[in-house]
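One structure is given below, encoded as structure tokens.
Remember, it's a predicted structure, so these values are computed and weren't measured experimentally.
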Amino acid sequence: MDQLKPVSKGAQHYILLVIPRLLREIEELGLPHIIRTSGFSEREVTSLYFEFVSIKRVLPAEPKRIAPEIWEHLTYCVQVMSAMVNAASVEQLAEAREQAIQKFLPHARQAVESEYREQCSEGTVDFRLAGILKQETSPEQSRELCMEAIRLEREQRLESIKGLSVAALGEHSRQIVEAAVAFVQGAASDPPEDFGLLDLVIRLLDLLRLVLALEHDEASKANIPQDFSVDNIVLGIGNALYRNELGLQFSSVKVPHP
């Protein structure tokens, strides 16, 4: 019999944090809507929903109180609940990605041009930046320009998140955020081939830092969008970190776009 791969400590905290949220989203969407869009039958949706509710009621707050063999079933529950909530297709995601590039392009050019002008004023010229800015507009040039702007933004946010404090977070959230900070620090010394995950985690950590600071100011607190709650951001960080480990195809909760 194959030995079960243990669920990482951070993923355990994420599972305990995300199960109540997924249940709430299923209830907000409504079982009839889930049945129409998820591919599950009415009987499956109904029986699974009541199973998830029952699990939530008896779920301990501390991961150490859950037996190792139970984590496999909890992971399965998160996978199924995520499949119920998410109806996006690969084609829709690809289309959204292209739309995002075009929307971000003016900001990207402005950011790269600003960096280039600042370097020129300091007497240094980055010929790579100059080359990007002088290229004729094309899909390839648009992507290169966006990637350069993202790199500059990454450096700025890396410096910004050094001021992030986890003192106000609950135990599950704190464990997830500390794991994310460790991931970012590790990636800084050992850069990944694909920066997509790293950039997402950095952006969410920086957003969390900002929202935590705003929550200490009563005047600013009222202006924080509902989607930008601390819980939403932490769930987004957890989803980014543990989506592959837990076998989730898409984001398991609706998280803010940083």
Side-chain angles (χ1 to χ4, degrees), residues 7-28 55-66 71 74-75 77-78 81-82 85 150 153-189 196-246 248 251-258:
V7 177
S8 67
K9 181 179 179 181
Q12 291 177 0
H13 285 279
Y14 175 66
I15 287 172
L16 294 181
L17 194 65
V18 80
I19 283 178
R21 170 56 72 87
L22 284 169
L23 262 178
R24 191 158 66 246
E25 290 207 0
I26 289 172
E27 290 164 354
E28 289 174 355
I55 289 172
K56 176 181 174 292
R57 286 174 180 167
V58 299
L59 207 57
E62 299 86 15
K64 63 183 179 182
R65 292 178 55 196
I66 299 176
W71 287 109
L74 292 179
T75 299
C77 289
V78 172
M81 293 165 81
S82 299
V85 169
I150 289 171
E153 182 180 292
R154 181 189 307 132
E155 293 179 355
Q156 296 168 354
R157 289 182 184 271
L158 278 171
E159 188 63 29
S160 179
I161 62 176
K162 291 179 181 179
L164 173 62
S165 171
V166 297
L169 299 178
E171 179 65 12
H172 295 321
S173 296
R174 183 177 62 80
Q175 292 286 348
I176 292 169
V177 173
E178 287 180 346
V181 171
F183 166 73
V184 169
Q185 292 172 341
S189 57
L197 173 60
L198 177 62
D199 284 331
L200 176 59
V201 173
I202 290 173
R203 289 165 71 88
L204 286 170
L205 285 172
D206 191 34
L207 180 61
L208 178 64
R209 175 198 60 78
L210 175 61
V211 170
L212 284 171
L214 291 175
E215 284 196 340
H216 286 291
D217 183 340
E218 288 300 323
S220 301
K221 186 176 181 179
N223 295 321
I224 300 174
Q226 186 176 359
D227 284 349
F228 283 67
S229 69
V230 169
D231 284 347
N232 270 11
I233 299 169
V234 172
L235 285 168
I237 293 171
N239 182 266
L241 287 178
Y242 306 118
R243 181 169 51 206
N244 289 337
E245 178 182 346
L246 299 177
L248 307 177
S251 173
S252 54
V253 289
K254 293 179 286 187
V255 298
H257 179 72

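Minimum interatomic distance between G10 and Y242 (heavy atoms only, all atoms of both residues): CA-OH, 3.1 Å. In terms of heavy-atom proximity, I161 sits nearest to L158 at CG1-O, 3.4 Å. Taking each heavy atom of S82 and L248 in turn, the nearest pair found is OG-CD2, 3.7 Å. Across L246 and A11, no two heavy atoms sit closer than the pair CD2-CB, 4.3 Å.
For the atom pair CH2 of W71 and CG of L16, the computed distance is 4.0 Å after rounding to the nearest 0.5 Å. Between the CG atom in L207 and the CG atom in L212 there is a gap of 9.5 Å [rounded to 0.5 Å]. Atom CG of L210 is separated from atom CG of L205 by 13.0 Å, given to the nearest 0.5 angstrom. The line from CG of L74 to CD1 of I15 is 6.0 Å long, rounded to the nearest 0.5 Å. Between the CG atom of L22 and the CE atom of M81 there is a distance of 4.5 Å, given to the nearest 0.5 Å. Distance check: I55 CD1 to C77 SG gives 3.5 Å after rounding to the nearest 0.5 Å.
Here the side chain of Q12 pairs a donor or acceptor atom with the backbone of V7 at under 3.5 angstrom. A donor-acceptor pair under 3.5 Å is formed between the side chain of E245 and the backbone N or O of S8.
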Indicate every side-chain donor-acceptor pair of residues 176-186 with a distance under 3.5 Å to a residue at least two apart or in another chain.
unit_1: E178; atom_1: OE1; unit_2: R174; atom_2: NH1; d: 3.1
unit_1: E178; atom_1: OE2; unit_2: R174; atom_2: NH1; d: 3.2

Residues 56-65 side chain polar contacts: donor-acceptor under 3.5 Å, at least two apart:
unit_1: E62; atom_1: OE1; unit_2: R65; atom_2: NH1; d: 3.3

task: List the steps, then state whether side-chain contact (heavy atoms from CB on, under 4.5 Å) holds for Q175 with L169.
output: CA-CA 9 Å; Q175 292 286 348; L169 299 178; over 6 Å; no

field: From CA spacing to verdict: side-chain contact (heavy atoms from CB on, under 4.5 Å), L208, L204
entry: CA-CA 6 Å; L208 178 64; L204 286 170; over 6 Å; no

field: Criterion side-chain contact (heavy atoms from CB on, under 4.5 Å) on N239 and Y14, from CA distance to verdict
entry: CA-CA 8 Å; N239 182 266; Y14 175 66; 3.3 Å; yes

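By the side-chain hydrogen bond (donor to acceptor under 3.5 Å, both in side chains) test, S160 is found to be paired with D206, R209, residues two or more places apart in sequence or in another chain being considered.
Residues S173 and V230 fail the side-chain proximity criterion, which asks for heavy atoms closer than 4.5 Å.
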